[in-house]
Amino acid sequence: MTVAAESAAGAASLVQSIDWLAIAPPTITAAVALIVLVADLFVPEHRKPLLGGIAIAGLVAALLTLLPLRAGDRSTFCLTNDADVCSYTADHFALVIQLLVLGGALLTALISLQDSRKLPVGEYWFLLLASAAGAALLPASRDLATLVVALEVASLPAFALVGLRRGDRLSSEAALKFFLSSVTATAVMLLGVSFVYAATGTLHLTRIAAELGHVPGQLDTLAKAGVALTLVGFAFKTAAAPFHFWVPDTYVGAPLPIAAYLSVVGKAVGFSGLILVTVIAFPSYREVWGPVLAVLAALTMTLGNAAAMRQSATRARSAVRLLAWSSVAQAGYLLVPIAAAAYAGGDRIGSTVAYALMYAVVNLGAFAVVALVARTKPLNRLSDYQGLYARRPLVALAMGFFLLCLAGLPPGIIGLFAKVTVFSAAVDAGLGWLAVVMAVNVVIGLYYYLQWTAVLFRAPEPETTSAAPETTSAAPETGTGVAPETGGDEVAIGRPPAAVTVAIALTAAAAVALSGAPQLVLRFAGTGLF
């Protein structure tokens, strides 16, 4: 063979075929984001709402492409000398998380559809879709470089979405706090990734696992430091204590649909990344991350529940703050099976995925109700929900069901089932102390979930037209975080927007269906990485 022929053969071996169907979900989402951004330049102002329809259609199309991938056996961007080592894998774990992410983004779009015109429309839909594309890419990533890029693609648009209400002090403060803390966490994680690469010489997760098993003695400390620092970055994304401080102010300052998005999709991004690096890349260092995650789980659920229980019913935006602290507590529950995987094997991860699916459905439903109530009660206090059953009985019933699911009480069987699977994972792994801490925290959570549920069905207070004192410090929020035209604590708005009603109906129907057949969630979620 001539030199030219050998060169041509070598070049051909470097050419990779791309499985376009495997990468279709994040690709379609990203493409529609660009279409919306370009269309915004040419669409006249009175037709801007069409951009929301395009965004929703794109998310639906991305969700539909998951159907032909349901076998979970596709990979692409593989090494030319080892077809089993790939940078993108559409396995069952990736598909389940992509379903959660894209479904969460779709419900977020429905919640914000009616009033998104009060925000910069083109930027809003572009940023939401761009973030969803990064979030859909992350669970399929199988090397640290792709993982970090996907994490930042999901996070950077979220900073802008939080601060998209121009001229609002709370929104700007929330965006700045979110940005600075996230950038710091990313820098720490990148330092950890560089340490891991220096110790192993590879970025692919499966090869890192193989190399970490026999790291030379002089590099062992470097490898352990890399593992620890990498986990810190993902601990921030999951809102695990003590990296949870950004959550309440960010949720309060963000438009309500974006707070819902961060509570579900942002959490899914963090937990899927944490699962990938711990269970696939760092199994040989389980003695490092296992105990740490167990302690973080106990600390996170305790701090989250304690803070949620202390929320005053008459404080402005106390409903959003309670959901924010509740999401911190739920993050603690989600960490339990990951910690258990260090002691009893990676099959425990199915419990985390099942719990995440339950949490996504009911929490998005709760935020949809909060967005609906905020249209007439812009201060969004817990006391504003008193008598909701008398005004909107179906909405109150749905909200009560969502809260009972989060509490883990019948008839919210799916919430009870999810908590039992997480509890069982801790017990089976020999983490009895963590199971006890979780049981205590579940009881604490019952207090504020049941208290809010009871408020829904109380007799409504007499109407008042007096202005609330909290309105003097900052503009109150509406369903999309835009200040109402009046200065009081109540705004007269007509019939509820159809899109928000559809979001509430969809989440309520999904929660009822899952409560009827909760074993399907664990069976579906358990076909993950192993």
Side-chain angles (χ1 to χ4, degrees), residues 6 9-27 65-99 134 136-151 192-216 219 223 226-227 230-231 234 269 271-286 289 338 341-342 345-350 352-353 524-530:
E6 290 179 353
S13 67
L14 297 177
V15 177
Q16 298 187 29
S17 60
I18 300 176
D19 188 341
W20 289 103
L21 181 59
I23 64 174
T27 302
T65 59
L66 295 175
L67 292 176
L69 298 173
R70 61 187 180 276
D73 57 356
R74 289 177 177 265
S75 297
T76 189
F77 301 113
C78 303
L79 295 181
T80 54
N81 58 354
D82 190 350
D84 293 329
V85 180
C86 305
S87 293
Y88 187 100
T89 300
D91 57 10
H92 286 108
F93 171 79
L95 297 180
V96 170
I97 301 300
Q98 285 176 341
L99 173 64
L137 171 62
L138 190 140
S141 303
R142 293 299 183 270
D143 69 70
L144 288 178
T146 308
L147 203 62
V148 171
V149 169
L151 186 64
V193 168
S194 66
F195 284 176
V196 171
Y197 178 72
T200 62
T202 182
L203 290 174
H204 288 89
L205 302 183
T206 52
R207 287 198 165 183
I208 289 173
E211 294 295 330
L212 283 179
H214 48 81
V215 172
L219 295 179
V227 170
T230 303
L231 294 180
F234 286 106
V269 167
F271 275 101
S272 57
L274 185 63
I275 289 170
L276 290 175
V277 296
T278 53
V279 180
I280 295 183
F282 304 151
S284 57
Y285 280 74
R286 59 173 58 91
W289 55 263
I338 306 178
D347 56 342
R348 300 292 181 272
I349 296 303
T352 289
V353 179
F524 181 58
T527 56
L529 295 168
F530 308 98

Measure the shortest side-chain to side-chain distance between [X] and [Y] over non-hydrogen atoms and say whether it is less than 4.5 angstrom.
{"X": "Phe77", "Y": "Ser141", "result": "no"}
{"X": "Ile275", "Y": "Ser272", "result": "no"}
{"X": "Phe195", "Y": "Thr230", "result": "no"}
{"X": "Leu144", "Y": "Tyr197", "result": "no"}
{"X": "Leu151", "Y": "Phe234", "result": "yes"}
{"X": "Thr278", "Y": "Val227", "result": "no"}

Work out which heavy atom in [X] is nearest to a heavy atom in [Y]; give both atom names and the distance.
{"X": "Gly226", "Y": "Val196", "answer": "C-CG2, 3.7 Å"}
{"X": "Arg70", "Y": "His92", "answer": "O-NE2, 3.1 Å"}
{"X": "Leu66", "Y": "Pro25", "answer": "CD2-CG, 3.6 Å"}
{"X": "Leu137", "Y": "Pro26", "answer": "N-CB, 4.0 Å"}

**Prompt:** Does a side-chain N-to-carboxylate-O contact under 4.0 Å join Arg207 and Asp84?
**Reply:** no
**Message:** Tell me whether Trp289 contacts the main-chain N or O of Leu231 through its side chain, where contact means a donor paired with an acceptor under 3.5 Å.
**Reply:** no
**Request:** Please check if the side chain of His204 supplies one atom and the backbone of Arg142 the other of a donor-acceptor pair under 3.5 Å.
**Result:** no
**Asked** Are Leu274 and Val279 close enough, and set up right, to give a side chain to side chain contact (heavy atoms under 4.5 Å, CB included), and what steps lead you there?
**Response** CA-CA 8 Å; Leu274 185 63; Val279 180; over 6 Å; no
**Message:** Applying the side-chain contact (heavy atoms from CB on, under 4.5 Å) criterion to Pro139, which one of Val269, Leu147, Ile97, Leu99 satisfies it?
**Reply:** Ile97
**Message:** Let me confirm one number: the CG-CD1 distance from Leu276 to Ile280, rounded to the nearest 0.5 Å.
**Reply:** 5.0 Å
**Asked** Atom OG in Ser87, atom CD1 in Ile23: separation rounded to 0.5 Å?
**Response** 12.0 Å
**Request:** Please identify each residue that fulfils side chain to side chain contact (heavy atoms under 4.5 Å, CB included) with Arg74, with sequence neighbours left out.
**Result:** Asp19, Leu21, Ala22, Leu69, Ala90
**Request:** Go through the structure and list residues passing side chain to side chain donor-acceptor pair (under 3.5 Å) with Thr146, not counting sequence neighbours.
**Result:** Asp143
